[in-house]
Amino acid sequence: MTELLKVENLQKHFPVSSGFLGIGKKRTVAAVSGVSFVIHEGETLGIVGESGSGKTTVSKVVLGLEEPTGGSVQWQGTEVAGESERRLRWFRQSVQAVFQDPFSALSPRQRVGDIIGEPLLFVPGMKKRDREQRVEEVMEQVGISPALRKRFPHEFSGGQRQRVAIARALTVKPKLIILDEPVSALDLSIRAQVLNLLKDLQETLGVSFLFIAHDLSVVEYMSHRVAVMYLGKIVEIAPADELYKRATHPYSKALVAAIPPRHPAEAKPVQPLQGEIPSPLNPPPGCAFSTRCPMVEDRCRSEEPELREVRPGQFSACHFAERLL
Amino acid sequence: MMSGSDSDVVLDVRDLHTEIRTASGIVRPVSGVSFTLERGEVLGIVGESGSGKSMTALSIMRLLPGRHVKITGGQIVVGGRDLVALSDREMREVRGSKVAMVLQEPLTSLDPVYSIGDQLAEPLRIHRKLRGEGLKQRIIDGLRAVHIPDPQARVGNYPHQMSGGMRQRVVTAMALSCQPDVLIADEPTTALDVTIQAQVVRLFEEVRDQGTVGTLLITHDFGIVAQLCRRVAVMYAGRIVEMGPVEEIFDAPRHPYTRALVKSLPVMGEKIDRLPSISGHPPDLAALPPGCPFADRCPNVTDQCREEAPPVEGTDAHWYRCWNPETTGD
């Protein structure tokens, strides 16, 4: 498999001002600290994590919407992090995004045909007729009749709007689409439709996905590999079914255990993880998960574990990952 | 703490109708909803947005948003009294004391300018006439019951000083403070992170197992239903389309909508290529077809479904509204 995107030791710090009117000590918060992963052609990499884990920040840096504080983002071997807007135009056509809320992602005053065709306005030398033809083509691909291209977003249901957003991402024939919680705002009966559409598109177009979500069962269904993030770091990365069967980080294990049962016969008393995700302003020393970890030892509170391969293809950032094998 | 009533039904909703007057006509978000809730049980109401599940909850609380939204028929019986017939003043005595509610977003149900102790004190002062040390003790006990660490110190905290999971506990403590008979929880875990969600589910398990309150759990999450509920009602377009014991709803659903919903959920550890999906989208409540509201999306649809509303079939324990139900031997 060809490597499309390679992210290495990515860092993103945001400045925060403390005190009245921002007077006082300037501090930084590390939203992402040392994240590395690759995405291959035709592959879906899932990222799961709770709020504050840094998963959305990762996607913004990859999209070029945020500049990284450190580390590198390589697209097919070429460094794209920190490059100028002009030089990145080719890259922008290779990577597109679909966000959570299809209600705020589409301009209410534009007709959906124009919304879908907008990215093509930036393709040099493209004729209007070609543009219109491409819009009709992608509308067919996402299952919306091209006859509806003159309609406005408010005339569509939530599921259809998300299809419009997906169509817009597809127009420039990207190689990678970043999907940030693409179904969490959708109704239950609509989710399966949209997830299946995404799988169909991947099969026919060979496009790769970076699929970000908090719902582990949805991520597992969609992804080939899954990265679990906690407090700005990847704590485990593994093939999707391995993660479910044999998580090798206590946090991933807790996430899997926290998924509600799929059947009442499987309901057992919940053993929830105690406490909450620490503030990234004040991360604990050593392992970030040590404050909530059921198998914590002294070493965890002083020495930060590295992400290392514990089984073929499965990486864990836990000193005691072997105990979970 | 069993009550002295002859049965343990704490809430009896009979043929409830709620209407919204809009510029484009009358919309019926609750259209003939009936169910009973027993003490010590968690009854799940599952539905998508627009199914009427939240409107049912707000109707029971008599907290309908605005004068254009009205209960137009039916009864809501709590402790032998019909809440629909109560005056606003009488209803205020019931709300919080007999029937209490927990909402989805805990930040909006707490007042940012009062400490949580003050906010917990309000219902106890009004409904239980508690003052001074007795009041303080009850507040601290209430916080301890929902596992707020160090409750003596936490009573002085303001909502913004607490995390989302903690706030949801405070809101739950507030709802339970006057020992109501009925607790309505509207999507109590939806806004929370996965591990915090598990903590709140655990809390509701404890509330259930104490056996003093009947909980009406409104959710779109079948997993939470499987974890907490004994019985479940599935709502679609303002009506309950199927209701029954939770195992039967999962294993042998009779309504095609229930069956499709249960089947469309991705399951961890189960490799399937494509999820079975439901075509189309939920109907517009302002323009409902004359027959079954699910007809346009239903795989079993016949002409009869489009013309005539389906009757209630099945048993008292497990009933459904469908002309062409799924067979049980599936």
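Since this is a predicted model, take the numbers as computed values, not measurements.
- Between the side chains of A:R292 and B:T195, at least one donor N or O sits under 3.5 Å from an acceptor N or O.
- Between chain B and the options A:G159, A:G275, A:A257, the largest number of non-hydrogen pairs under 4.5 Å is found for A:G275.
- Contact annotation for B:I272: both backbone and side-chain heavy atoms come within less than 4.5 Å of a heavy atom of chain A.
- Contacts of B:R297 with chain A are made by side-chain atoms alone, with heavy-atom separations under 4.5 Å and no backbone atom involved.
- Proximity to chain B (any heavy atom under 4.5 Å) is shown, for A:E242, by neither the backbone nor the side chain.
- A:E276 places no side-chain N or O within donor-acceptor distance of the main-chain N or O of B:I196, the cut-off being under 3.5 Å.
- Between the side chains of B:S279 and A:Q193, no donor-acceptor pair is found at a separation under 3.5 Å.
- Checked by atom type and distance alone, the side chain of A:E266 never pairs as donor or acceptor with a backbone atom of B:Q227 at under 3.5 Å.
- Between A:I190 and B:G280, the closest heavy-atom pair is CD1-O, 3.5 Å.
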Step by step, work out the side chain to side chain contact (heavy atoms under 4.5 Å, CB included) result for B:L265 and A:R262. CA-CA 9 Å; B:L265 308 168; A:R262 59 170 173 166; over 6 Å; no
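- A donor-acceptor distance shorter than 3.5 angstrom exists from the side chain of B:D193 to the backbone of A:S51, with no hydrogens or angles considered.
- Both the backbone and the side chain of A:D200 come within less than 4.5 Å of a heavy atom of chain B.
- Side-chain atoms of A:Y221 come within 3.5 Å of backbone N or O of B:L275 as a donor-acceptor pair.
- In this structure, chain B has no heavy atom under 4.5 Å from any part of A:K245.
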What do the steps show when you test B:L261 against A:S189 for side chain to side chain contact (heavy atoms under 4.5 Å, CB included), and what is the final call? CA-CA 6 Å; B:L261 265 192; A:S189 69; 4.2 Å; yes
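- Across A:L273 and B:Q199, no two heavy atoms sit closer than the pair O-NE2, 2.5 Å.
- Salt-bridge check for B:E48 with A:R191: failed, with every basic side-chain N at 4.0 Å or more from each acidic carboxylate O.
- For B:P149, no part lies under 4.5 angstrom from a heavy atom of chain A.
- The structure places CG of B:D221 at 8.0 Å from CG of A:L188, a figure rounded to the nearest 0.5 Å.
- Heavy atoms of B:E205 lying under 4.5 Å from chain A belong exclusively to its side chain.
- With chain B as partner, the option from A:A265, A:A192, A:G52, A:A240 having the largest number of non-hydrogen pairs under 4.5 angstrom is A:A192.
- Rounding to the nearest 0.5 angstrom, the gap separating the OG atom in B:S277 from the CG atom in A:L195 is 10.0 Å.
- Neither the backbone nor the side chain of A:L243 comes within contact range of chain B, judged by heavy atoms closer than 4.5 Å.
- If you measure heavy-atom distances from B:D284 to chain A, you find no contacts under 4.5 Å at all.
- Donor-acceptor pairing under 3.5 Å is lacking for the side chains of A:D187 and B:H220.
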